[in-house]
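Chain identifiers are assigned alphabetically (A, B, ...) following the order of the sequence lines, protein sequences preceding nucleic acid strands; residue numbering begins at 1 within each chain. Only a predicted model underlies this, so the values are computations on that prediction, with no experimental measurement involved.
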Protein chains: 2
Amino acid sequence: MAVQENEGYRGPQVCKIVGITYRQLDYWARTDLLRPSVSEARGSGTQRRYSYRDLLELKVIKRLLDAGVSLQSARRAIECLRGGLGEDVASANLVLDEGSSVLAHSDGELIDLLKGGQGVFNIVRLNGVVEELDAAITEFGPAPTVPDTHVEAAAGSGS
Amino acid sequence: MAVQENEGYRGPQVCKIVGITYRQLDYWARTDLLRPSVSEARGSGTQRRYSYRDLLELKVIKRLLDAGVSLQSARRAIECLRGGLGEDVASANLVLDEGSSVLAHSDGELIDLLKGGQGVFNIVRLNGVVEELDAAITEFGPAPTVPDTHVEAAAGSGS
DNA sequence: CTGGGAAGTCACACGGTCGGAATTACGCCC
DNA sequence: GGGCGTAATTCCGACCGTGTGACTTCCCAG
């Protein structure tokens with residue numbers, strides 16, 4: 001399946017869905033935190049195109065930042081999330097210990113993790129993130145303020 | 001009991017015990033994160049004097065920073081720790097949720113907390129912190145590189 | 001008085017983000 | 001094809017938070 005030009009979510013759309021500024025999205029793309037996986041921009045006036053998976057990761061980053069975690073630590077968290085690609089991510093807890101990150105799938109596993117490590121942890125509960133993202137896509141993704149059949153088709157193919 | 005001039009820990013000594021730079025300690029004192037509770041400096045050449053409690057709080061701050069938490073969030077955490085003054089802090093877990101901080105005293109309490117809130121948490125396990133601090137004081141506090149009976153007395157009165 | 005140590009001062013660096021403006025591509029219309 | 005308008009990216013300087021390093025000033029003990 002060849003990548004269609006309209007596939008994925010545009011930069012400004014992503015900012016609305018995830019709840020971040022364009023500046024942030026741009027900086028993160030430029031500094032390799034999260035680049036648009038569907039399509040990079042080819043210059044001014046062209047568009048970055050992000051996948052649904054990109055949006056999920058961005059949402060997690062946003063949460064971490066809101067909780068006062070530095071962007072550097074968020075970078076590590078995202079690496080872990082990318083490593084857990086095949087797992088049931090939506091029901092897990094992402095546990096960041098100093099220098100490492102793990103996905104915990106049960107309360108017991110979580111408690112065990114908290115007894116080890118260096119003694120300081122960042123925890124991201126993932127099971128509400130997908131729902132929240134889907135709700136935001138419903139609001140900002142398929143139905144922009146200015147009705148646009150063209151954009152609607154793009155949003156549909158992104159999920 | 002009047003405060004003795006030699007009471008408490010001197011600035012550079014605190015840096016060794018806690019494992020931070022003098023610049024950090026200075027910046028934190030100047031920006032009101034943690035000021036020396038025993039005695040402020042009265043100008044160049046005079047000394048800041050910190051209490052044992054100050055050192056404990058500094059150690060927690062250090063841990064948070066090492067885990068990638070911003071200083072702003074660490075400020076909130078310390079406020080919570082100050083609020084839990086009468087509690088058995090040494091065996092608790094400090095749980096930072098977005099906008100609030102709580103001390104959890106059992107695994108069950110901890111799990112409950114993780115099911116609420118905004119979904120992102122910073123957790124500091126406190127039960128090793130006191131031991132670690134006491135070990136560092138044994139190393140850097142009462143027995144500096146240059147033996148000094150004067151300083152030894154100060155360290156003794158700090159605990 | 002002198003020397004050592006501690007705090008104070010100041011310019012700077014870096015990460016992260018912001019605002020404003022410039023540049024560019026693209027789609028549409030004539 | 002050319003022109004126009006819109007949207008998106010790029011560029012640039014500035015700001016803020018969090019320190020760092022070099023240097024100065026000051027205090028205190030001997």
Please state whether the phosphate of [N], meaning OP1 or OP2, lies under 4.0 angstrom from any side-chain nitrogen or oxygen of [X].
X       : N      : value
B/Arg23 : C/dA13 : no
B/Arg42 : D/dC28 : yes
A/Trp28 : C/dG16 : no
B/Tyr27 : D/dG19 : no

Return the value, rounded to whole Å, for the distance between atom [atom1] of [X] and atom [atom2] of [N].
X       : N      : atom1 : atom2 : answer
A/Arg49 : C/dA25 : CZ    : P     : 17 Å
A/Arg48 : C/dA25 : CZ    : C1'   : 15 Å
A/Tyr22 : C/dA21 : OH    : P     : 18 Å
B/Glu40 : D/dC27 : CD    : C1'   : 17 Å
A/Tyr9  : D/dT9  : OH    : C1'   : 21 Å
A/Gln72 : D/dT18 : CD    : C1'   : 14 Å
A/Asp26 : D/dT9  : CG    : P     : 8 Å
A/Gln47 : C/dT24 : CD    : P     : 18 Å

Does B/Ala41 or A/Gly43 map to a spot on DNA chain C nearer the 5' end, using the closest nucleotide for each?
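Upstream on the strand: B/Ala41.
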Using 0.5 Å steps for rounding, measure from the CG atom of A/Leu94 to the CZ atom of A/Arg125.
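A/Leu94 atom CG to A/Arg125 atom CZ measures 13.0 Å (nearest 0.5 Å).
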Between [Y] and [X], is there a side-chain heavy-atom distance shorter than 4.5 Å?
X        : Y        : value
B/Glu57  : B/Arg82  : yes
A/Ile123 : B/Ile123 : yes
B/Leu81  : B/Leu103 : yes

How is [X] classified with respect to the nucleic acid when contacts are heavy atoms under 4.0 Å: base, sugar-phosphate, or nothing?
X       : value
B/Arg30 : base
B/Leu25 : nothing
B/Thr21 : sugar-phosphate

Quick check on DNA chain D: between B/Leu65 and B/Gly45, whose nearest nucleotide comes earlier from the 5' end?
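Final value for this comparison: B/Leu65.
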Which residue, A/Thr46 or B/Gln24, contacts DNA chain D at a nucleotide closer to its 5' end, judged by nearest heavy atom?
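The answer here is A/Thr46.
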Assess whether side-chain contact (heavy atoms from CB on, under 4.5 Å) is satisfied between A/Val18 and A/Phe140, documenting all intermediate values.
CA-CA 10 Å; A/Val18 175; A/Phe140 297 114; over 6 Å; no
Is a donor-acceptor pair below 3.5 Å formed from side chain A/Ser44 to base D/dT10, judging by atom type as modelled?
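Side chain to base: no pair below 3.5 Å.
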Of the nucleotides D/dG19, C/dA7, C/dT17, which has the atom closest to the A/Leu71 side chain?
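Minimum distance to the A/Leu71 side chain belongs to C/dT17.
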